[in-house]
Amino acid sequence: MKRSYDHNAIEEKWTAEWEKHPVNQNDGSKPKYYCLDMFPYPSGNGLHVGHWRGYVISDVWSRYKMMNGHYVIHPMGWDAFGLPAENYAIKTGKQPAESTAENIANIKKQIKQIAAVYDWDMELNTTDPGFFRWTQWIFEKLYEKGLAYQKEMPINWCPSCKTGLANEEVVDGKCERCGSPVTKKDLKQWMLKITAYADRLLDDLDKLDWPEKVKKMQTEWIGRSYGAEVDFPIEGREEKITVYTTRPDTLFGATFMVLAPEHALAASLATDETRKAVEDYIEYAANRSNVDRLQNKEKTGVFTGSYAVNPMNGKNIPIWLSDYVLADYGTGAIMCVPAHDDRDFEFATKFDIPVIQVIAKDGKEIENMTEAYTEASGTMINSGEWNGMESAVLKKEAPHIVEKMGIGRAKKNFKIRDWVFSRQRYWGEPIPVIHCPECGDVLVPEEELPLTLPEVEHYEPTGTGESPLAAIDSWVNCKCPKCGKDAKRETNTMPQWAGSSWYFLRYVDVDNDKELVSREKADKYLPVDMYIGGVEHAVLHLLYSRFWTKFLYDIGVIGFDEPFKKLFNQGMITGKNGIKMSKSKGNVVSPDDLVRDYGCDSLRLYELFVGPPELDSEWDDRGIDGVYRFLSRFWNMVQDNKDRDVAETPELIRTRHQLIDTITQRLEAFSLNTVVSGFMEFNNRLSKMEGVDRKTLETYALLLAPFAPHIASEVWEELGNKTSVFDESWPVADKSAIKDDTKEIGVQINGKVRGTVKIAVDASKDEAMAAAREALADKLEGKTAVKEIYVPGKIINIVIK
RNA sequence: GCAGGUAUGUCGGAAUGGCAGACGAGGCAGACUCAAAAUCUGUUGUAGGCAACUACGUGUGGGUUCAAGUCCCACUACCUGCACCA
């Protein structure tokens, strides 16, 4: 009996079936494959079609791995702490715990529409005390190892979010979340010593199968450089000023020195004549905003009135202050070589400071220098005993030379700073520390974890730099676990990145109340083989997770030190003209109506068909008609052939193996958009044939299963199979059966196609040329061929004069 | 400024150096229908021609090659990231 394609009925049927009999079972014998999505934060806005894309990609890949004999770990959870969740609660006038739970329920319902093979027994939620107990535990371990510490310092402060931010959360001087200009605020902060892992975080990138773009971004963020620290005596004083330089080869060219206005010695270097100007400048710099500093790079500065001594040649050089020198990089002071550094050159020109060239350019000294010569190539000049050396060689040796001379030492520096880890907000993991007037900082005893948030009426941010928790006396006041005397709790909470820095470890042992993950399960099921998500986490989440994974490896919790072997960044789905989908732009496309009207299978296919998965794609609703029509035609083809018992022909066998080969190759190459067009192509080809045999239809259904699981399952069943498609193995193409016997190939004259011939693919050159000459007889009339090229199965080219 | 990415019909996009535009959307024409929708068939890069056909055509300008969207050199535009890190 023929049936028409009723996507709703089919999808309801299989949803119920999979609810009862999940297809992804761990029978203990199969090798594991861990395919992970970046877990969402449960926003109140729900999912749009852009969110679907990554989940569809990871599900296709998971199902493909299942059919290749793997037990696939494919979990889903909720990153529910943090600013967005709290802001949403404030906006709707609810408790964060309440609104978060509602949002999770809502998003879970929407995610289920995707029909991905998530293992819901592994579901986790970062705000669940059973989960964040271990987030707090990791913090305590970090503290015990000296990797969590407190520091009073000016930190990045978002006046709109009313909280401190990590460096990674500041983009162009603005808050990564809300876009407000970030200011500085002096606060005592918890810091995590990510800098202690800088070398490993950088070096281990080589081990990872990640997009080069992301590796590069992390490399630049960590920003390692090699150079030297050199000590410059101060004329007439005991102290020395240490500078960091990557170009110690240019030491003889240092004609002045610049200190950051925040440098400890800055004010004290002023003389009576310069004191007023120096103090004014220090104040000016302190009040200058980040944004202004980033946008307006015109050099400003003031001469302190003091001089340093260049330790190489004993010459006095003036000491200046300028905010182009950063206080928290290197030593906060630099030696300036205007001849060989653009910024120093600009400064020297503006303030009329001498320029001494120490590297010959093209073998000579430049007359009337108009820009710095920044290459480390050329012979040293004006450099005393270093004259005649090659600067490239000297650049490497100079750190050791200054070390021997006792005026400096080799030094490596990083751009990455320690991670500002406290937030002055309510909705986060409380930092499990108690401040005791007697004992100092004491960790909340491990057996008392989790330390949960108090239930409160008001949790809005205070804006004063104090967490709202500070106002809750009943929570703040406690007894010191060490001495039992009155003490106070730490009131800052952890940033939203805390839970996501390790959640992927927890999925495989989600109910463990003894350990964050058992070592046995970690060894068996971790790490993540494939991680799929947006590129927006290139330095934030992905750097923090690598840091925590390395730490947990170091303390023996897990046996690997990189969390994600392979990373795939899917492109963003945008609205018309590449505009990001957002509620305020009014261009959000919800999947709900599309699922109802076209079905889950159609939407899944269209998410892939819309463009190459790694590139951004503009959403166009009309396109989904195309994939729906395709599925209907496939369905009809099955209906037309299923009861006919069509015999296999050589052509059908060949087509079937070509189909397997095409789909598998494109899938392996992650070219998912062309997988879908491949299915369409073969559907068109098969429908033009006299009939399609059962084996070919079955093969088609198996190949389609990871992409459109419902219709594939239904067809598989209709063809008389009792098993699940996902218990079948992925078809293997017989390469020898793929080849066509004859093929139509193009015939060119002088590289331009002038006709075609149909010849055997293994035809000899003579046969091929004979056929070509015959086909193009009229055009070759009276011409002499000077060269004949024949590439079997591809092309014939006849070159004539 | 530095680094990376992208550029192909009306649109989304295909093309291991080998017939550019697969596949789809949209358009046009036709079939079915009282009619419309749906469906099916044909057609659809540009210019010229009744036609067979011819010329041109993958951001721009050069080059390598029998043959270039693809390789090399030099540019342009847009996007992303970083940006006074000494």
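Keep in mind the model is a prediction, meaning the values are calculated, not measured. All heavy atoms count here, side chains included; hydrogens, waters and symmetry mates do not. So you know, we letter chains A, B, ... as the sequences are listed, proteins then strands, and number each from 1.
At least one side-chain nitrogen or oxygen of A:Ser225 sits closer than 4.0 Å to the OP1 or OP2 atom of B:rA86. Under 4.0 angstrom from either OP1 or OP2 of B:rA14 there lies at least one side-chain N or O belonging to A:Asn673.
In this structure, A:Leu605 places its CG atom 13 Å from P of B:rA25, rounding to the nearest Å. Rounded to whole angstrom, the span from the CZ atom of A:Phe679 across to the P atom of B:rC23 amounts to 16 Å. Look at CG on A:Leu326: it is 11 Å from P on B:rA83, rounded to the nearest Å. Going from atom NZ of A:Lys213 over to atom P of B:rG4 covers 12 Å, rounded to whole Å. The CG atom of A:Asp597 sits 18 Å away from the P atom of B:rA37 (whole-angstrom rounding). One atom, NZ of A:Lys580, and another, C1' of B:rU80, lie 12 Å apart when rounded to the nearest Å. Per the geometry, CD1 belonging to A:Ile416 stands 14 Å off P belonging to B:rC82, to the nearest Å. Distance NZ (A:Lys215) to P (B:rU80): 25 Å, rounded to an integer number of Å.
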Do A:Glu403 and A:Arg409 pass the salt bridge (Lys or Arg N to Asp or Glu O under 4.0 Å) test, and can you show the C-alpha distance, the side-chain angles, and the key distance before you say yes or no? CA-CA 5 Å; A:Glu403 198 155 345; A:Arg409 61 217 69 88; over 6 Å; no

What verdict does the salt bridge (Lys or Arg N to Asp or Glu O under 4.0 Å) test give for A:Lys415 and A:Glu220, after you've listed the backbone C-alpha separation in whole Å, the side-chain angles of each residue and the deciding distance to 0.1 Å? CA-CA 8 Å; A:Lys415 289 186 195 174; A:Glu220 283 174 6; over 6 Å; no

side-chain hydrogen bond (donor to acceptor under 3.5 Å, both in side chains) between A:Thr304 and A:Tyr281, intermediate numbers included: CA-CA 10 Å; A:Thr304 59; A:Tyr281 187 76; over 6 Å; no

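Using modelled atom types and a 3.5 Å distance limit, the side chains of A:Asp616 and A:Thr574 yield no donor-acceptor pair. For the residue pair A:Ser677 / A:Thr674, no side-chain donor-acceptor distance below 3.5 Å is found, with atom types taken as modelled. If you check the side chains of A:Glu168 and A:Tyr544, you find a donor sitting under 3.5 Å from an acceptor.
The partner of B:rU76, taking Watson-Crick or G-U wobble pairs whose two distances both stay under 3.5 Å, is B:rA7. A 3.5 Å limit on both hydrogen-bonding distances identifies B:rC56 as the Watson-Crick or G-U partner of B:rG45. Across all strands shown, B:rA83 remains unpaired; no Watson-Crick or G-U wobble contact has both distances below 3.5 Å. Across the strands present, B:rA20 finds no partner; the criterion is a Watson-Crick or G-U wobble pair with both atom distances under 3.5 angstrom. With a cut-off of 3.5 Å on both pairing distances, B:rA67 has no Watson-Crick or G-U wobble partner at all. Pairing for B:rA51 is absent, with no Watson-Crick or G-U wobble pair whose two atom distances lie under 3.5 Å.
Contact between A:Ala768 and A:Ile796 at its shortest, heavy atoms only, is O-CD1, 3.7 Å.
Remark: A:Lys412 fails to qualify as a cation-pi partner of A:Tyr226 under the 6.0 Å distance and 45° angle criteria applied to the six-membered ring.
In the set B:rA86, B:rA14, B:rG18, B:rA14 carries the atom at the smallest distance from any side-chain atom of A:Pro612. Distance from the side chain of A:Thr674 is smallest for B:rA15 among the nucleotides B:rG81, B:rC23, B:rA15. Comparing atom distances between the A:Ile795 side chain and each of B:rC23, B:rA14, B:rG18 picks out B:rG18 as nearest. The side chain of A:Thr246 has B:rA86 as its nearest neighbour among B:rA14, B:rG18, B:rA86. Of the candidates B:rC23, B:rA86, B:rC19, the closest approach to any side-chain atom of A:Met680 belongs to B:rC23. The A:Glu220 side chain lies nearest to B:rC82 when the options are B:rC19, B:rA22, B:rC82. Comparing B:rA86, B:rG12, B:rC19 by their closest approach to the side chain of A:Glu744 singles out B:rC19.
Nucleotides B:rC82 and B:rC72 have their P atoms positioned 29 Å apart, rounded to a whole Å. Separating the P atom of B:rU46 from that of B:rA22 is a span of 13 Å, rounded to the nearest Å. Across B:rG30 and B:rC79, the matching P atoms stand 45 Å from one another, rounded to whole Å. B:rC75 and B:rG1 have their P atoms separated by 13 Å, with the value rounded to a whole Å. Across B:rG24 and B:rG17, the matching P atoms stand 26 Å from one another, rounded to whole Å. To the nearest whole angstrom, the two P atoms, one in B:rC40 and one in B:rU58, are 35 Å apart. Rounded to a whole angstrom, the distance from the C1' atom of B:rA68 to that of B:rG63 is 11 Å. Between the C1' atoms of B:rG69 and B:rG59, the separation comes to 12 Å (whole Å).
At a threshold of 4.0 angstrom between heavy atoms, the contacts of A:Thr756 include nucleobase atoms, whether or not backbone atoms are also involved. Contacts of A:Asn750 with the nucleic acid, taken as non-hydrogen atoms under 4.0 Å apart, are absent. Using a 4.0 Å heavy-atom criterion, one finds that A:Asn684 contacts the sugar-phosphate atoms exclusively. A:Val676 comes within 4.0 angstrom of nothing in the nucleic acid, heavy atoms only. Among the heavy atoms of the strands, none lies under 4.0 Å from A:Glu212. A:Arg754 comes within contact range of the sugar-phosphate backbone alone, with a heavy-atom separation under 4.0 Å but no base atom that close. Nucleic acid contact for A:Val791: base, since at least one base atom lies under 4.0 Å from a heavy atom of the residue.
Near RNA chain B, meaning a heavy atom under 4.0 Å from it, residues 616-636 of chain A has A:Arg622, A:Gly626, A:Arg629, A:Arg633 in order of number.
In terms of position on RNA chain B, the residue among A:Glu346 and A:Lys216 whose nearest nucleotide sits closer to the 5' end is A:Lys216. If A:Ile745 and A:Tyr329 are placed on RNA chain B by their nearest nucleotide, the residue sitting closer to the 5' end is A:Ile745.
Between A:Tyr5 and A:Tyr628, the distance separating the two ring centers is shorter than 6.0 angstrom.
Side-chain atoms of A:Lys299 and base atoms of B:rC84 include a donor and an acceptor less than 3.5 Å apart.
Ring planes of A:Tyr329 and A:Tyr244: perpendicular class, angle over 60° (limits at 30 and 60°).
With its glycosidic angle within 90° of 0, B:rG9 is assigned syn.
Screening A:Tyr598, A:Phe630, A:Trp619 for a ring-ring contact (aromatic ring centres under 6.0 Å, His included) with A:Tyr606, the sole residue that qualifies is A:Trp619.
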